[in-house]
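Residue numbering restarts at 1 for every chain, and letters A, B, ... go by the order of the sequence lines. FYI, side chains are in, hydrogens and waters are out, and symmetry mates aren't considered; it's all heavy atoms of this structure.
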Number of protein chains: 4
Amino acid sequence: MARRPLTNPRKQASQERSRATVDALIEATARILVRDGFDKASTNRIAEQAGVSIGSLYQYYPSKEALVAAVIDRHNRGLMQVVQGALAEVAGLPIEKAVRKMVAIAIDAHRLDPKLHRVLAEQLPRTGRLAKLETFNREIYALFKAYLESRRDELRTVDLELAAFVCVTSIEALTHTAVLHRPDILSGETVATLVDEATRLVVRYLR
Amino acid sequence: MARRPLTNPRKQASQERSRATVDALIEATARILVRDGFDKASTNRIAEQAGVSIGSLYQYYPSKEALVAAVIDRHNRGLMQVVQGALAEVAGLPIEKAVRKMVAIAIDAHRLDPKLHRVLAEQLPRTGRLAKLETFNREIYALFKAYLESRRDELRTVDLELAAFVCVTSIEALTHTAVLHRPDILSGETVATLVDEATRLVVRYLR
Amino acid sequence: MARRPLTNPRKQASQERSRATVDALIEATARILVRDGFDKASTNRIAEQAGVSIGSLYQYYPSKEALVAAVIDRHNRGLMQVVQGALAEVAGLPIEKAVRKMVAIAIDAHRLDPKLHRVLAEQLPRTGRLAKLETFNREIYALFKAYLESRRDELRTVDLELAAFVCVTSIEALTHTAVLHRPDILSGETVATLVDEATRLVVRYLR
Amino acid sequence: MARRPLTNPRKQASQERSRATVDALIEATARILVRDGFDKASTNRIAEQAGVSIGSLYQYYPSKEALVAAVIDRHNRGLMQVVQGALAEVAGLPIEKAVRKMVAIAIDAHRLDPKLHRVLAEQLPRTGRLAKLETFNREIYALFKAYLESRRDELRTVDLELAAFVCVTSIEALTHTAVLHRPDILSGETVATLVDEATRLVVRYLR
DNA sequence: TATGAATGAGACTTCATTCAT
DNA sequence: TATGAATGAAGTCTCATTCAT
């Protein structure tokens, strides 16, 4: 009964040597995801790429899913750093400037290891333990909603929960799609154009 | 290795019996995708569910991918019917009404066999021949852009290509996310609210 | 839920070709059990010995256990044939002769493929689905008890169920141990001695 | 391949700490055998349960088999204590009383840690160094034969070696089977019945 | 054309054991 | 002497696909 969730790491790497092994495994997983795709990312191949025996791999991660989950976590931590840092600057700004900044952040975030981002977005079966991707977005909703609350008097009357949903979903979709599927839209100065447009979309919606 | 990736049906099912076989195969694939997920959808299982021998399956479809692609096509054809029909009604309408209608259509479209929609959206590796999902959206962009052109004098000055991208992407993201991940937003009369909000978002952006 | 018991064959071999495959698998399993022991009887090795691909093996048996169970069944069917046939002759005999005959049968039975018998008796983990070995003995108890009932008036007053347990268990233990572990006791004419002794043991107990 | 099969402890645990480690290892092995069965008893798990590093385990026992053999030895030593002590009392008794006592002893012996006894009897592959289980019985034979010799004048003429085989094998089989597989036979006062029957079986055989 | 038996590469995983620290 | 990280052979099993009948 109560089988432990197969996505959590198996043991903490205490000694320095094992720390290196764990790092190598995650790094190898990410590299293979990017280079060969999710389907080709077998545990054997990951172990080989990490220069580690398959036995060691299973000493630290109980499954391929756990490894991928670790890569996702690492990626999300990276994103969060970008986003949170930038969002702090936004706190005091008026809506127009704030939204503009946020759109820029979103684009930056999507450009942080975009190949990995694409694989995670497009090849991961949102199944089993890998469904936990939503966690990340929930946090963004919360942060954005908090900002809206601090500026409520500049907004029209609206359910802030719903407004946050509309804004975050739209900005994320626009930047995601643009970065991953419409490189034409982002080439050179058209970046500015996209930022303008997305900002206009959101700002006029909120006011 | 390096087996040729075949995605197209092998032969047109000209005779009636063949037609029935093909239908049974696609139907079985869809049913299994929904019931058991992409991972569990083995060709042997599909053949069994279709009441057809595995040999026959390969007589009509050269690979599992081809089968899934056929399901996608069928689903997209269904979507297109809903969308195109409804979009025709939109042609003559002023922007506000047109957009409102389009949002409603998008929601309806996502509600057409939503379980299958979800599987296609979340479990399919967007890899190999299965990457062709974009095709569908391209057509929608084109239709929407055509509408915008017909109403250009009611719009602010803007690159219509870009505007279409912004509008279609946003509407699709909002309706998709709401239908698949935020059932709370769509329960009962809040549907109307979502339609209002999405309409406002797009209309004010365009003007 | 209700996962099918992993010891039953997977599908009936309908065509002649598959019948041959199934036979080869069981034969190979028995041979390897005898030659290399239970631990070395891996599915790969069995398939190889059977001249069949590992895939085919799993088409008919879902596990190593299922294969071993099939061997046990076949062995037990063989034993039953020996035992039942001989037991029929015993029906009308008086106790002394009947018991003597039964002891002889028991020895014969243990000598039917004794190497396989030994492996089944000594190397099988009586665990999981392989615990079903008892079935066989139950039938023997019943047959013996039926005989005792038919001769009740020649016996002292005794719970026949219990008496059957005592007699069958003793005869089985003596013949089993002698055949498998004490070849000295069975060499040449000492067989007769063992039969004498076992007969005396049981007959005097019953009267 | 061809690794040397080592079954003897590696060194005498002379110092106190070592002694504690060895004890912990054997205790852990026994506990895991009982709780999880032979298959699940991996050396890593045993080491963990013993609160000892896997390296230390191999410092004291060169293989998993050696560990299990140690458990068997400990169990057998326990049995021997029960049996020998009781058998001493038997020395001077007449046959009827002596046999009755021995049967009772046999039942007691099987009830000494019956769960472990069952695992040892049913899950251990009687293979490699683990085949040495017979040792124990040999000693019992010898003790019993010695008793018979001391009472030869009360017995019919018979090969005492053979008679010992018949008696010991029967008693052991009856008590073993009753304790492990026929709890019904041993519930409450039926114990007495079984003792009566087994005694009758052996006594009448010997006279 | 249909059938379904057969294939086998390759995925996942465990575990007894070694050895550097 | 103790530790525990690392090893890798070997085992179980699946599944897309082929091909003889």
Side-chain angles (χ1 to χ4, degrees), chain A residues 6 11 13-22 39-47 51-65, chain B residues 1 3 6 11 15 17-18 21 39-48 52-67, chain C residues 6 11 13-22 39-47 51-65, chain D residues 1 3 6 11 15 17-18 21 39-48 52-67:
Chain A
L6 287 181
K11 61 172 166 185
S14 53
Q15 301 183 1
E16 195 183 338
R17 183 152 64 127
S18 55
R19 183 77 219 142
T21 299
V22 165
D39 276 5
K40 302 288 170 50
S42 72
T43 50
N44 278 308
R45 201 194 276 229
I46 291 170
V52 147
S53 75
I54 185 65
S56 290
L57 183 154
Y58 276 93
Q59 200 132 115
Y60 296 102
Y61 294 95
S63 69
K64 172 180 163 180
E65 274 199 350
Chain B
M1 315 295 101
R3 66 183 77 216
L6 297 177
K11 53 180 163 191
Q15 302 176 10
R17 184 147 65 118
S18 304
T21 301
D39 276 5
K40 302 287 172 51
S42 73
T43 51
N44 280 298
R45 203 200 275 230
I46 290 170
E48 188 186 20
V52 149
S53 75
I54 183 67
S56 293
L57 182 154
Y58 276 89
Q59 213 122 68
Y60 291 102
Y61 292 95
S63 72
K64 179 182 167 179
E65 273 197 350
L67 226 22
Chain C
L6 286 182
K11 61 172 164 185
S14 53
Q15 302 183 1
E16 195 182 340
R17 182 151 64 127
S18 56
R19 183 78 219 141
T21 300
V22 165
D39 276 5
K40 301 289 171 50
S42 72
T43 51
N44 277 313
R45 201 194 277 229
I46 290 170
V52 147
S53 75
I54 183 67
S56 290
L57 184 155
Y58 277 93
Q59 200 131 115
Y60 295 103
Y61 294 96
S63 69
K64 172 180 164 180
E65 273 197 352
Chain D
M1 318 292 100
R3 64 182 80 214
L6 298 176
K11 54 180 164 190
Q15 301 177 9
R17 183 146 67 118
S18 304
T21 300
D39 277 4
K40 302 285 173 51
S42 72
T43 50
N44 280 298
R45 203 201 277 230
I46 290 170
E48 188 186 21
V52 149
S53 75
I54 183 66
S56 293
L57 183 156
Y58 276 89
Q59 213 121 67
Y60 291 102
Y61 292 95
S63 71
K64 178 182 166 178
E65 271 196 351
L67 227 20

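Put simply, Tyr58(C) has a side-chain N or O that comes within less than 4.0 Å of OP1 or OP2 on dC13(F). The phosphate of dT3(E) (OP1 or OP2) has a side-chain N or O of Ser56(B) nearer than 4.0 angstrom. Note on Tyr60(C): a side-chain N or O is less than 4.0 Å away from OP1 or OP2 of dA6(E). A close approach under 4.0 Å does occur between a side-chain nitrogen or oxygen of Gln59(B) and OP1 or OP2 of dA2(E). For the OP1/OP2 pair of dA6(F) and a distance below 4.0 Å, the side-chain nitrogens and oxygens of Thr21(A) include at least one atom meeting the criterion.
Atom-to-atom, OH of Tyr61(D) to P of dT18(E) comes out at 17 Å; the value is rounded to the nearest Å. Rounded to whole angstrom, the span from the NZ atom of Lys40(A) across to the P atom of dA9(E) amounts to 17 Å. dA5(F) atom C1' lies 15 Å from atom CD of Glu48(D), rounded to whole Å. Following rounding to the nearest Å, Glu65(C) (CD) and dC13(F) (C1') show an atom-to-atom distance of 15 Å. Here the C1' atom of nucleotide dT12(F) and the CZ atom of Arg45(C) are 15 Å apart, to the nearest Å. In this structure, the CG atom of Asp39(B) is 15 Å from the C1' atom of dC13(F), given to the nearest Å.
Picking from dG8(E), dA16(E), dG8(F) the nucleotide with the shortest atom distance to the side chain of Ser53(C) gives dG8(E).
Shown here are the side chain to side chain donor-acceptor pair (under 3.5 Å) partners of Ser56(A), two or more places apart in sequence or in another chain: Ser53(A).
With hydrogens and angles disregarded, a donor-acceptor distance shorter than 3.5 Å links the side chain of Lys64(D) to the backbone of Ala41(D).
Atom OG1 of residue Thr43(C) and atom OH of residue Tyr61(C) lie 14.0 Å apart, to the nearest 0.5 angstrom.
Counting non-hydrogen atoms under 4.0 angstrom, Thr43(D) reaches a base of the nucleic acid. Ser42(A) comes within contact range of the sugar-phosphate backbone alone, with a heavy-atom separation under 4.0 Å but no base atom that close.
Where Lys64(A) and Gly55(A) meet DNA chain E, the nucleotide closest to each residue was compared, and Lys64(A) sits on the side nearer the 5' end. Projected onto DNA chain F by closest heavy-atom contact, Leu57(A) and Asn44(B) fall at different nucleotides, the more 5' of which corresponds to Leu57(A). Of the two residues near DNA chain E, Ala41(D) and Ile54(C), the one whose nearest nucleotide lies more 5' is Ile54(C).
Lys40(B) approaches Arg45(B) most closely through the heavy-atom pair O-NE, 3.2 Å. Across Tyr60(B) and Ser18(B), no two heavy atoms sit closer than the pair OH-OG, 3.1 Å. When all heavy atoms are compared, the tightest approach of Pro62(D) to Ala66(D) is CD-CB, 3.6 Å.
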Next item on the list: Go ahead and write out DNA chain F as dot-bracket, 5' to 3': ( ) for pairs within the strand, [ ] for ones crossing earlier pairs, | when the partner sits on another strand, dots for unpaired; Watson-Crick or G-U wobble, both distances under 3.5 Å.
Entry: .||||||||||||||||||||
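Here the options are Ile54(D), Val52(D), Leu57(D), the test is side chain to side chain contact (heavy atoms under 4.5 Å, CB included), and the partner is Ile46(D); only Leu57(D) passes.
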